Amino acid sequence: MLYEPSLMAVLIFGVIVAITLGLSFWLGAKAKSAKGYFAASGGIHWFINGVAFAGDYLSAASFLGICGMIAFYGYDGFLYSIGYLAGWIVALFVIAEPLKRMGRFTFADALDSRFQSRGIKLAAAISTLAVSIFYLIPQMVGAGALITPLLGFPHYVGVLLVGTIVIIIVVTAGMVSTTYVQFLKGSLLVVFSTLLTVLILQRGFSTDPVNNGKSTHQFQILGPAASDDIEHWNNELGLTEQDSLTPLNEGPWKDKGYLQLTRADKISFWKLTQNAEQQYFLSETQYKEKTADGKIIINGLPQGTGEGETDFYPVGRISKLPDDKKETGPLGLTEFFSTLSKSEVILWGSDTIKLKAGSDLTIYFPKPTSGEKVLSPGNHPKFAGIRGSDLKGKLNFLSLMLALFCGTASLPHILIRYYTVKDQASARKSTIVGIGSIGYFYILTLFMGLGAMTSGAMDVTNSNMAAPLLAKSISDWLFAIISAIAFTTVLGTVSGLIIASSGAVVHDLMSSFMKIEMNDFAKVRIAKIASVVVGLIAIILGILFKEFNVNYLVGWAFSVAASANLPALVMLLFWPKTTKQGITVAIFVGMISSLAWILLSADSYKGIYGLKPEDAIVPFSQPGLVTIPLGFLTLILVSLLTQPKKEEAVS
C-alpha cells in the first residue's frame, strides 16, 4: 500500500524524537567513565530498571511483529508472546542474581569470573556481536516499516533515519540515556496499548467495519455452488458477451484454482476454492504485477494516487457474526473472544506467479475462516505441522518454542541490564517488575492483533503495519501517538544492542583478550567508534531484510543466543566440573551451528538466496531443538576431557 504522511503524526514524532535526543545530551555528562558508559555506574533504581527491562525487551518484534502475525494468522502469533514471556522464568530463577554477582560490564565478565581466560573473553565477545547484530536486523526492518506511513519516506530512508538517531543516542550518553529512553518507551507502550485495547472493546465487531469514518471495500465471495461449472459463475457475475471468464491451469498456474476475468478491457483474477463439504466458492482477489522493466501494476492500473492510478484496498473484516447480526456494540473481555469464536473472519493468503514476459505476479486472495479456527494454533504456514501429521512441522514448532524459552536469558543486551543496579536484590526485583510489565503487554497484543484483523484497515502486503493501521482506523491522533511510541520502541532496543556490542569490542576483545592498556577516556572513545560501526552494519542489514516479518527474524536471533550462550551460563552456575575449554568450545559450536542451520534452511533459500525452499539442506528452519542440546553436549564432553590433573600427594 501507499501511505500519505500525516502532519499531526510528523509533529508528534518530532516532539518524541526531540525529547529523546535532549535526554541523551543532558545525561551525557554522567557517562564520562567506562562504568558510567557501559553500566550507568550501577546507580539505576530497581523499579526504573524493571520498566527499562520491558522497554528493552518489548522490541519491534513484540509490538509490530506479534500484532501483525496475530492479525494475519490468529492465535499463532500469540504463541510468540507465550514463548517470550516464559523465557523470563529462566532469567528470574537462574540468571539474575548470579549474573549481578559475577559480572561488571559485559556478559563475558560473568562467564570468565572463575577462570580469567582469554579464550572465554574472545568466544563471548564474538557471540555477543553475532547475536546483537542478528537481533538488530528485525528492529531496523520494523523501523523502516514504521517510517513509511508516518513520514511518507521509502523503507530504506526510514532505516537510515532510525540508525542515525540511535547512533547519536548511544554516542552521547551510553547506558544512562539508553536506560531512560527504555523506561520512557516501556511506560508509554504499556499505557497506550491499554488505551487502544479499551477502544477496541468499545468499538466491538461489525460486518461492515468503518476505517476512520470511511466504509471499507467489500470483496465479493460468490457461492456456495455444487460444481465448478463456468456457466454458473458467468451468471453469478452477470457477464455479457463482451466479457469472459477463463480458467488458468497451464504452466505456473496449474492446480492453483485461478480464473481470469476480462471485463471492459480490465483484467482481474478470481480464485476458486472448495470447502470440507465439497462446496465451491469464487473469490475476488487483489494483485500486484512487477514488470520486467520495474513498473508496479496494482489490479490492472499503475500504482499511485493520481488519475488513472490505484492502490491496494485495505482488508480485514468479519463476514458473519452470531445470529446474523451486523454489529455487536461494546464487548467485555471474555465476550470479545466468545463472540469471535462463533463468527467467520476473512483472512488473506497469497500466491506468486512468474509470467513468461518476465513479470512477477503476486495475487492476494480472501480466505473465509471460522473464528474458532482463528483462536486455535496452526494457521500460520510455519505452524501448520501442529495440526497435521508432518513430523518436520512439529519439530520446527517445538524448536521455535525451545529457542524462545531459552533465548531471553541469553540475550547480551538483556543481561547487561543487571549491571545497572546496585546489588543482587535489586537485580531480582528489577526482573519481577519487568515480568509484570511484559506479561501485561503480551496479553494486550492478543486484543490488538485480533482488533487489527477485523478493523478493515490492514495492509495486505505488510503484516508489520497491523498495529499502527489499527490505531489509524480509530483516529489520526491515536495513529500518530502509537507510531511514535513504536518508533521509540525501536530506538530503545537498538540502543541496548549497540551498547552490548560496543562493550564486547572494547572491554572483552581489546582490553581483556588483546591486553591493550586503555584509560577510561580511551575506552569510552573507542566504544563510541564501535557503536557507529555496528550501527552502520545494522542499517545495511535492515535494508536487505525488508520483506521478512520481524517476529520471525527475532525467533532466529533467540535460537542463536540460546545455542551459543545458555549452555555456558547454566553449566558454569550448576556444574562444578565445567572448564574454560568447555565454555569456549561450546560457545563457538552453538553459535556456528545455529547460524549455519539458519543459512541452510528453507526460509533462507527462499527469502535470501531466491532458491527453491524444497532444495534446502536442513529438514526444518528453526535450529534450537538441535543446536541448544548440541551446545550443552559439547560443553560436557570438552570439560570432561580437559579436567585439571589432581596434584600428587607429597610423601
Side-chain angles (χ1 to χ4, degrees), residues 65 69 72-73 76 134 137-138 141 248-258 260 269 271-273 285-294 296-297 347-365 367 378-400 403 460-464 541 543-557 559-560 592-627:
M69 192 172 281
F72 273 69
Y73 300 103
D76 287 342
F134 218 89
I137 297 172
V141 171
L248 300 170
N249 202 30
E250 300 292 332
W253 297 98
K254 190 173 179 60
D255 299 327
K256 292 186 181 294
Y258 285 105
Q260 179 176 303
F269 298 100
K271 189 171 179 69
L272 190 65
T273 55
T285 71
Q286 303 192 79
Y287 70 91
K288 171 183 176 180
E289 181 181 357
K290 185 175 182 180
T291 63
D293 57 1
I296 303 297
I297 306 296
L347 301 183
W348 284 77
S350 65
D351 283 318
T352 299
I353 311 291
K354 289 193 174 293
L355 303 178
K356 292 181 180 179
S359 299
D360 288 331
L361 187 68
T362 304
I363 303 179
Y364 301 92
F365 57 89
K367 299 188 301 181
N379 292 311
H380 193 284
K382 308 301 179 188
F383 296 161
I386 299 175
R387 290 180 180 159
S389 57
D390 181 25
L391 179 61
K392 291 180 182 178
K394 295 182 186 298
L395 292 177
N396 193 58
F397 172 73
L398 290 174
S399 190
L400 172 64
V460 73
T461 68
N462 189 348
S463 63
N464 295 328
L541 293 175
I543 294 171
L544 293 176
F545 281 77
K546 172 186 175 182
E547 301 299 329
F548 278 77
N549 177 278
V550 293
N551 213 36
Y552 202 75
L553 289 169
V554 166
W556 277 350
S559 294
V560 177
I592 293 170
S593 62
S594 57
L595 285 171
W597 189 286
I598 288 168
L599 293 174
L600 296 174
S601 69
D603 289 325
S604 292
Y605 268 52
K606 180 182 179 181
I608 300 175
Y609 315 131
L611 302 174
K612 295 180 180 179
E614 55 268 23
D615 293 339
I617 295 174
V618 297
F620 48 89
S621 294
Q622 295 290 346
L625 195 62
V626 174
T627 56

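Keep in mind it's a predicted model, so treat the numbers as computed, not measured.
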Please find the pair of heavy atoms, one from [X] and one from [Y], that lie closest to each other, and give the distance.
{"X": "P619", "Y": "K392", "result": "O-CD, 3.6 Å"}
{"X": "N396", "Y": "Q622", "result": "OD1-N, 2.8 Å"}
{"X": "Y609", "Y": "L599", "result": "OH-O, 2.7 Å"}
{"X": "N464", "Y": "G65", "result": "OD1-CA, 4.3 Å"}
{"X": "N249", "Y": "D255", "result": "OD1-N, 2.8 Å"}
{"X": "D76", "Y": "G378", "result": "OD1-N, 2.7 Å"}

**Item:** Residues that Y364 engages under side-chain hydrogen bond (donor to acceptor under 3.5 Å, both in side chains), provided they are two or more places apart
**Value:** none
**Counterpart residues, side-chain hydrogen bond (donor to acceptor under 3.5 Å, both in side chains), relative to S593 (two or more places apart)** = none
**Item:** Side chain proximity check, Y605 to I617, heavy atoms < 4.5 angstrom
**Value:** yes
**Message:** Could you check whether any side-chain heavy atom of I353 comes within less than 4.5 Å of a side-chain heavy atom of W253, counting everything from C-beta outward?
**Reply:** yes
Please check: side-chain N/O of [X] versus main-chain N/O of [Y], any donor-acceptor pairing under 3.5 Å?
{"X": "T362", "Y": "T352", "answer": "no"}
{"X": "S594", "Y": "P623", "answer": "no"}
{"X": "W556", "Y": "L595", "answer": "no"}
{"X": "T285", "Y": "F365", "answer": "no"}
{"X": "S601", "Y": "I598", "answer": "yes"}

**Request:** Taking atom CD of E250 as the centre, report whether more than 12 heavy atoms of other residues, nucleotides or ligands fall under 6.0 Å from it.
**Result:**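 No, the 6.0 Å shell around CD holds no more than 12 heavy atoms from other groups.
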**Prompt:** Would one find more than 12 heavy atoms of other residues, nucleotides or ligands at under 6.0 Å from atom NZ of K288?
**Reply:** no
Report the distance from atom [atom1] of [X] to atom [atom2] of [Y], rounding to the nearest 0.5 Å.
{"X": "L625", "Y": "K394", "atom1": "CG", "atom2": "NZ", "answer": "14.0 Å"}
{"X": "S621", "Y": "L395", "atom1": "OG", "atom2": "CG", "answer": "12.0 Å"}
{"X": "H380", "Y": "S463", "atom1": "NE2", "atom2": "OG", "answer": "7.5 Å"}

**Request:** Using the side chain to side chain contact (heavy atoms under 4.5 Å, CB included) rule, take K256 and I363 through it: C-alpha gap first, then chi angles, then the decisive distance, then the call.
**Result:** CA-CA 11 Å; K256 292 186 181 294; I363 303 179; over 6 Å; no
**Asked** Please walk me through it: do V626 and F620 pass side chain to side chain contact (heavy atoms under 4.5 Å, CB included)?
**Response** CA-CA 10 Å; V626 174; F620 48 89; 4.2 Å; yes
